[in-house]
Visitor: 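Dumping the structure here so I can ask a few things about it.
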Amino acid sequence: MSIYDTLNEPQREAVLHTDGPLLILAGAGSGKTRVLTHRIAYLIDELGVNPWNILAITFTNKAAEEMRQRVDALVSIGAESIWVSTFHSACVRILRRFIDRLGYDSRFTIYDTDDQKTLMKEVCRKVDIDTKVYRERALLSAVSSAKNEMILPDEFELNAGGDFGKQKIAKVYREYEAMLKANNALDFDDLLVKTVQLLETQPDVLDYYQERFRYIMVDEYQDTNTVQFRLVRLLAGKYRNLCVVGDDDQSIYKFRGANIRNILDFEHEFSDAHVVRLEQNYRSAGNILRAANSVIKNNRSRKDKTLWTDKGDGEKIQLRQFDTAFDEAEYIAEDIKKEVREGASYNDSAVLYRTNAQSRLLEEKFIAMNIPYKIVGGINFYARREIKDLLAYLKTVDNGRDDLAVRRIINVPKRGIGLTTINRIQESADERGIGFYEALLAPELIPGVGRSAAKLDSFAALIEYFKGQNEKESITELLREIIEKTGYAESLKDEDKVEAEARLENLDELVNKAAAYEEDCRDRDEEATLSGFLEEVALVADIDSLDEAQDYVVLMTLHSAKGLEFPHVYLAGLEDGLFPSYLTITSDDNEDLEEERRLCYVGITRAEEKLTLTCARRRMVRGETQFNKMSRFIREIPMELIDTGNKKIEEGTQIPVQNTYSHAKQAFRTQPFSAQFSSAVSGKTAGKQPFSALQKGGQLLSGKGGGLSYGVGDRVRHMKFGEGTVREIKEGGRDYEVTVEFDSAGVRKMFAMFAKLVKIS
DNA sequence: GCCGCCAGTATTTTT
DNA sequence: TACTGGCGGC
């Protein structure tokens with residue numbers, strides 16, 4: 001009996017089909033990782049393929065690691081020479097070797113979103129764009145989607161035609177690119193774009209990698225974007241042994257440029273593609289699977305398929321609705337406690353939610369109840385200030401051309417080098433067409449820095465000293481030395497005690513990470529380099545740190561949960577407005593809601609034995625109370641699969657708008673609502689006691705709904721526009737749109753929530 | 001040049 | 001609510 005006998009029929013078909021393009025449509029929990037690992041084993045052990053010729057691309061480093069281990073257990077030898085990595089790290093590896101062909105130095109730095117923003121700000125300053133009109137974030141996302149589509153500045157400008165706004169963006173894009181290059185830096189998207197450019201323009205490099213990667217496998221193919229597609233097509237162009245695995249129902253990264261057409265059109269792109277469908281689910285109990293199927297079937301643009309299982313029905317799906325998000329969190333925490341008392345482990349459970357902000361309440365409850373937990377995502381460790389500072393030192397030592405890094409640390413800790421000096425250095429550098437650091441090495445050539453010259457000299461001497469040390473000592477030692485010799489640790493002591501302590505701990509943690517990296521390299525017999533460490537740091541995802549062996553409850557977003565599974569899954573915050581999010585509900589593009597539904601499908605199918613859905617009628621979002629209906633996705637699940645625990649579930653009274661605590665308070669403080677106002681908001685909801693919950697607190701409101709303290713015809717005052725008369729109040733979305741005729745500022749439409757109009761009598 | 005306060009903004013998801 | 005960035009005072 002061979003290892004391949006344990007596979008089911010379509011799985012075996014996928015494993016044995018090794019030549020030519022292959023599309024594996026693998027439903028959730030259908031054993032696609034098994035197929036991939038067995039396929040690799042088959043290639044090596046049965047067909048005698050050299051592991052060296054195999055490339056497997058996964059979504060996260062964690063998945064890569066896992067795959068390597070599982071292959072290792074299957075094949076006799078050589079698993080370690082297979083390339084298993086994410087798109088991004090594979091590209092970095094290629095670029096480190098050949099990027100000089102594109103005019104970069106191989107010690108380029110990788111910019112994260114923070115760095116991008118800083119750079120973009122500078123770009124805007126340079127090309128004279130008001131960041132209040134065009135926000136950095138918006139500009140960056142425009143640039144990013146262009147890159148994801150492989151549209152370079154020239155083409156972008158061409159496409160812009162006469163459109164003024166687009167022309168501006170084209171200008172920004174061009175300058176942004178120029179500055180990245182000047183800093184010898186690449187952003188995330190560049191890693192892919194530049195690799196494709198490299199392969200397209202350098203035939204010998206392309207040939208090298210085509211020869212090397214004779215067998216290519218891509219996991220989570222539904223989430224690839226256009227550049228990634230182009231990359232894969234290039235690499236597989238010669239031998240065409242390309243196997244992609246994916247599930248169009250789990251495509252959840254459209255916002256990041258993922259192109260679901262990549263998987264839907266695979267058969268068109270590769271006309272001789274063989275297609276295998278894996279529809280038997282080995283993960284979830286029958287009821288859970290049925291729920292998942294009944295939700296996803298509401299999507300129109302998908303390849304039709306239905307997962308099935310030969311497992312029993314299992315438990316019903318638990319549904320609980322609460323008054324507030326506090327109650328919700330408490331229930332989840334208590335429920336987990338209860339199950340642990342009954343013999344479960346903490347790591348049997350995971351809590352999934354739509355937005356990172358939701359983790360807060362859960363975390364508080366978990367702490368209060370002494371439940372071990374781990375939050376995945378949220379603020380990245382490497383995004384913390386002290387960590388970024390230290391990394392900026394390392395980047396400066398490693399790549400002297402990264403001006404952003406140098407400017408970040410030139411006065412951290414305080415050396416008395418101020419903004420004026422920094423600007424003068426920059427100006428001088430720009431004039432002479434050299435880098436910031438290079439300019440600062442010779443302060444005597446810079447007009448107007450006379451007094452700071454000595455300080456600049458000692459800063460430069462410090463960096464140069466570190467550069468020297470970098471040659472001699474390990475990264476760990478260098479890092480320790482930087483922390484000490486710059487006085488960084490010392491400077492923290494002046495800060496708030498608790499804060500400083502946390503930061504110092506983080507610094508220790510960073511040193512530990514460096515040590516771990518070096519050890520890793522030693523194990524793998526590779527040289528540990530500063531560039532290598534910085535790259536690893538830039539490309540880790542928080543999910544990579546997840547450790548199944550540890551006994552904790554995992555809390556994370558639905559996006560992070562992709563590819564994972566747990567015996568008991570809690571889906572929290574299933575409310576219209578939160579999940580599906582308010583933006584997708586109001587979007588006129590139906591695709592958006594479909595993507596949200598896929599996200600729900602991903603969430604449900606993470607559960608093996610038990611699924612608990614929870615929602616709250618009332619929840620604080622950004623300091624405001626929101627009233628939400630139960631999620632429409634819940635209503636797509638047949639009632640007979642659901643157990644509400646004998647509690648009453650209401651579809652939810654949707655309160656139209658104006659639910660904010662502060663407005664309620666303000667409304668109470670001023671005076672009852674005018675007659676015009678209640679007629680303006682229609683009687684539909686007026687009788688439903690929208691503030692029932694708030695009444696508990698007592699003094700807030702009388703009984704009727706509403707919340708504005710003024711009505712049509714009233715005189716109001718606005719902070720900026722002065723006094724005026726209310727002409728119209730319209731109900732819209734979450735807020736009221738108020739039209740006011742100001743005495744001096746004319747007629748203005750504004751949202752009540754932001755306008756903070758005050759009634760004057 | 002540095003520090004502290006205030007105002008404006010944000011939240012959908014992340015390699 | 002919570003964070004960030006800008007501005008003004010010392």
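None of the values given here were measured: they were computed from a predicted structure.
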Visitor: Specify the residues of residues 404-414 of chain A, ordered by number, for which at least one heavy atom lies under 4.0 angstrom from an atom of DNA chain B.
Guide: A:Asn411, A:Lys414
Visitor: Kindly indicate whether a cation-pi arrangement holds for A:Arg407 with A:Phe436, taking the cut-offs as under 6.0 Å to the six-membered ring centre and within 45° of the axis.
Guide: yes
Visitor: Could you tell me whether the phosphate oxygens of B:dG1, OP1 or OP2, come under 4.0 Å of any side-chain nitrogen or oxygen in A:Thr421?
Guide: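 For B:dG1, OP1/OP2 do have a side-chain N/O of A:Thr421 under 4.0 Å.
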Visitor: Salt bridge between A:Lys513 and A:Glu536, side-chain N to carboxylate O under 4.0 Å?
Guide: no
Visitor: Is it the case that the side chain of A:Asn61 and the backbone of A:Ser85 share a donor-acceptor pair, with hydrogens and angles ignored and the cut-off at 3.5 Å?
Guide: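 Absent.
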Visitor: Do A:Thr420 and A:Asn423 meet the criterion of a side-chain donor-acceptor pair at a distance under 3.5 Å?
Guide: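 The answer is no; no qualifying pair exists.
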Visitor: Can we say A:Glu136 and A:Arg125 salt-bridge, meaning some charged N sits less than 4.0 Å from an Asp/Glu carboxylate O?
Guide: no
Visitor: Could I get a table of every N or O pair under 3.5 Å where one atom is in the protein and the other is in nucleotides 4-10 of chain C?
Guide:
none

Visitor: Is A:Asp114 salt-bridged to A:Arg408, going by a charged N under 4.0 Å from an acidic O?
Guide: no
Visitor: Across the strands shown, which category fits A:Leu558 at heavy-atom distances under 4.0 angstrom: base, sugar-phosphate, nothing?
Guide: nothing
Visitor: Please report the distance, rounded to the nearest Å, between CD in A:Glu624 and C1' in B:dT11.
Guide: 12 Å
Visitor: Could you state the atom-to-atom distance from CZ of A:Arg598 to C1' of B:dT12 in whole Å?
Guide: 15 Å
Visitor: Check A:Arg617 with A:Asp323, please: is the shortest side-chain N to carboxylate O separation under 4.0 Å?
Guide: yes
Visitor: Please report the distance, rounded to the nearest Å, between CZ in A:Phe326 and C1' in C:dT1.
Guide: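 These atoms are roughly 11 Å apart.
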Visitor: Testing the 3.5 Å rule here: is there a donor-acceptor pair between the side chains of A:Asp389 and A:Tyr488?
Guide: yes
Visitor: Rounded off to whole Å, could you give me the CD1-to-P distance for the A:Ile422 and B:dC2 pair?
Guide: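 My rounded result for the distance is 9 Å.
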Visitor: Check whether more than 12 heavy atoms from other residues, nucleotides or ligands sit under 6.0 Å from atom CZ of A:Phe326, and answer yes or no.
Guide: no
Visitor: Determine whether the side chains of A:Asp402 and A:Tyr111 contain a donor N or O and an acceptor N or O closer than 3.5 Å.
Guide: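 The criterion, which ignores hydrogens and geometry beyond distance, is satisfied for A:Tyr111 and A:Asp402.
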Visitor: Produce the list of close N/O pairs, under 3.5 Å, pairing protein atoms with atoms of nucleotides 13-15 of chain B; give distances to one decimal.
Guide:
from	atom 1	to	atom 2	distance (Å)
B:dT13	OP1	A:Asn356	N	3.3
B:dT13	O4'	A:Arg354	NH2	3.3
B:dT13	O2	A:Arg354	NH2	2.7
B:dT13	O2	A:His559	NE2	3.4
B:dT14	OP1	A:Thr557	OG1	3.0
B:dT14	OP1	A:Ser560	OG	3.3
B:dT14	OP2	A:Asn356	ND2	3.3
B:dT15	O4'	A:Arg256	NH1	3.4
B:dT15	O2	A:His88	NE2	2.9

Visitor: Would you indicate what A:Ser89 reaches in the nucleic acid, counting non-hydrogen atoms under 4.0 angstrom: base, sugar-phosphate, or nothing?
Guide: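 It contacts nothing in the nucleic acid.
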Visitor: What integer distance in Å separates A:Arg415:CZ from B:dC2:P?
Guide: 12 Å
Visitor: With a distance cut-off below 6.0 Å to the six-membered ring centre and an angular limit of 45° from the axis, does A:Lys562 pair with A:Phe59 as a cation-pi contact?
Guide: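 Yes, A:Lys562 sits over the ring of A:Phe59.
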Visitor: What's the CD-C1' distance between A:Glu591 and B:dT12, to the nearest Å?
Guide: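 Rounding to the nearest Å, CD of A:Glu591 and C1' of B:dT12 are 17 Å apart.
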Visitor: Please state how far atom CZ in A:Arg622 lies from atom C1' in B:dT11, giving the value in whole angstrom units.
Guide: 6 Å
